[in-house]
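In what follows, chains are A, B, ... by sequence order, proteins preceding strands, each numbered from 1. Hydrogens, waters and symmetry mates play no part in the numbers below; they use all other heavy atoms, side chains included.
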Number of protein chains: 2
Amino acid sequence: MQETGTQETGKAPARPPRTRQPPHIRRQMITEAARTVIAGHGLHATTLRDVAAAADVALGTVTYHFTGIDEVLAEVLKSEMLIYSAPITDAAQEAATGRAGLDVVIDGLLASDERAGEHWRLWLDFWTLAAHNAEYSAWQSQIYRDLHAVVAGLLRRGHADGSLTVTDPVREAVEFVAMLDGLVVQSYLRQSQITPDQARAMLKSYAWQTMPARD
Amino acid sequence: MQETGTQETGKAPARPPRTRQPPHIRRQMITEAARTVIAGHGLHATTLRDVAAAADVALGTVTYHFTGIDEVLAEVLKSEMLIYSAPITDAAQEAATGRAGLDVVIDGLLASDERAGEHWRLWLDFWTLAAHNAEYSAWQSQIYRDLHAVVAGLLRRGHADGSLTVTDPVREAVEFVAMLDGLVVQSYLRQSQITPDQARAMLKSYAWQTMPARD
DNA sequence: CCACTTATCGGTCGACTGTACGATTAATGA
DNA sequence: TCATTAATCGTACAGTCGACCGATAAGTGG
């Protein structure tokens, strides 16, 4: 029993490699694995066993780091907003002009890579979750309020620096976000009617025509 | 055992009232009950037992008229499109002008009553279903193609009768539907940012400004 | 080298789920 | 009136889910 090798008994059932991680690291690894599973099978079709398999850990490890499946899903959504959306809106607010900021938002959120598709399919699942759950609904509502505020701020800046013409920033922001959401549905769902490239072109065309630059 | 009354034994466990229905009627009753359940709890949280309870029939009755839960859900979605959407688009095509037809679509699809909210929450669940299921995805894609065609037809009529000004009907139709979908998300989800009344006003304002009447 | 902490494992349990099926009995027509 | 059909019922079964928990062992400080 004191042999140096880790595998000595031929009948041993393939000892799994177990490298321990501090909780905050393992939580992050499981969360990332869960995000992949959700993007593939959908939020409601994701089980703890799926997540555990994708993270290459035992079932018990997931329930050790999380109180339950709900906490895993909530963590995925929270980290997704932090990793994907936040950098884009932050970059937009650091753009030179209001119009340049809108460009950053459009190009960032309506990107053509597969990662954007995963993000929006995750966000779509979040919609249905919020449609029937008060807690998620309140959170989603706050996210939209923040997004509206960011866009309205960009429109005000654009009107001030002459890159845009905006009479009612709040109203125009809601309209812009609505158009964004609608184009997302047409772009990223399977068998989509338009490509993300076309969606970006349409949203930019819409923005520049309804809010043209000063002179 | 041959008594005339139907209820004689005091210990009899509350004989349920059983009035038989021909299959096409019972299917319709079960479908309507299922629609209510789905609107409340969501598509993926709806079980056969929930549907049976809502329809006030036994579990076996549901499995007698339907091959399984999938067929029930599919029937609900199919009938919802036929009952809710089809009459609106039909009425729109019978309107006097293209612009009047758009009014019918806007007022019909963005109605303020609770039934509209149920419709869109059901449609939202359908989105997530289509996002991960090829069969539903194909069907949903066809529904959007039809809607785009209907709107594009209204725009062409409006341009012809002078009630609208449209240069690219197909492109404008996609944009219009995108704005419609986006406003739906902001209007009918819980803790919504805007009311359906505001959504109708915004969509009409958008349509009349981007496609003004001829002179 | 050795206790001690704790991350990890994997089996187990109760609570559901969808589906199948035999027993009832309302409805129909001869 | 009575035999036949078939709509309805309720139970049973196999499967999967989330959650729980004792056993194991990797890592750490002394």
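Sequence neighbours left out, not one pair with a member in residues 129-151 of chain A passes salt bridge (Lys or Arg N to Asp or Glu O under 4.0 Å). Residue pairs meeting the ring-ring contact (aromatic ring centres under 6.0 Å, His included) criterion with at least one partner in residues 51-86 of chain B, sequence neighbours excluded, are Y84(B)-H119(B). Among residues at least two apart or in separate chains, there is no salt bridge (Lys or Arg N to Asp or Glu O under 4.0 Å) pair with a member in residues 177-192 of chain B.
Remark: T61(B) is in phosphate contact with dC9(D), judged by side-chain N or O atoms under 4.0 Å from OP1 or OP2.
The separation between I25(B) atom CD1 and dT8(D) atom P is 11 Å, rounded to whole Å. In this structure, H44(B) atom NE2 and dC16(C) atom C1' are separated by 15 Å, rounded to whole Å. We find that CD of Q21(B) is positioned 14 Å from C1' of dA6(D), with the value rounded to whole Å.
Here L109(B) contributes atom CG and S187(B) contributes atom OG; the two are 12.0 Å apart, rounded to the nearest 0.5 Å.
Remark: R157(B) pairs with no residue by the salt bridge (charged side-chain N to carboxylate O under 4.0 Å, His left out) rule, at least two apart or across chains. E32(A) meets the side-chain hydrogen bond (donor to acceptor under 3.5 Å, both in side chains) test with R35(A); sequence neighbours excluded. Partners of D197(A) by salt bridge (charged side-chain N to carboxylate O under 4.0 Å, His left out), not counting sequence neighbours, listed by chain and number: R200(A).
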Under 3.5 Å, N/O pairs linking protein and nucleotides 1-6 of chain C:
from	atom 1	to	atom 2	distance (Å)
dT6(C)	O3'	Y64(A)	OH	3.2
dT6(C)	O2	R20(A)	NH1	3.0

Output one line per pair: protein atom, nucleotide atom from nucleotides 18-22 of chain D, and distance, for all N/O pairs under 3.5 Å.
from	atom 1	to	atom 2	distance (Å)
dG18(D)	OP2	L48(A)	N	2.9
dG18(D)	N7	R49(A)	NH1	2.9
dG18(D)	O6	R49(A)	NH2	3.0
dA19(D)	OP2	I69(A)	N	2.9

Show the atom names and distances, to 0.1 Å, of all donor-acceptor pairs under 3.5 Å that link a side chain in residues 43-55 of chain A to residues at least two apart or in another chain.
from	atom 1	to	atom 2	distance (Å)
T46(A)	OG1	G42(A)	O	2.6
T47(A)	OG1	R49(A)	N	3.4
T47(A)	OG1	D50(A)	N	3.1
T47(A)	OG1	D50(A)	OD2	3.2
D50(A)	OD2	T47(A)	N	3.4

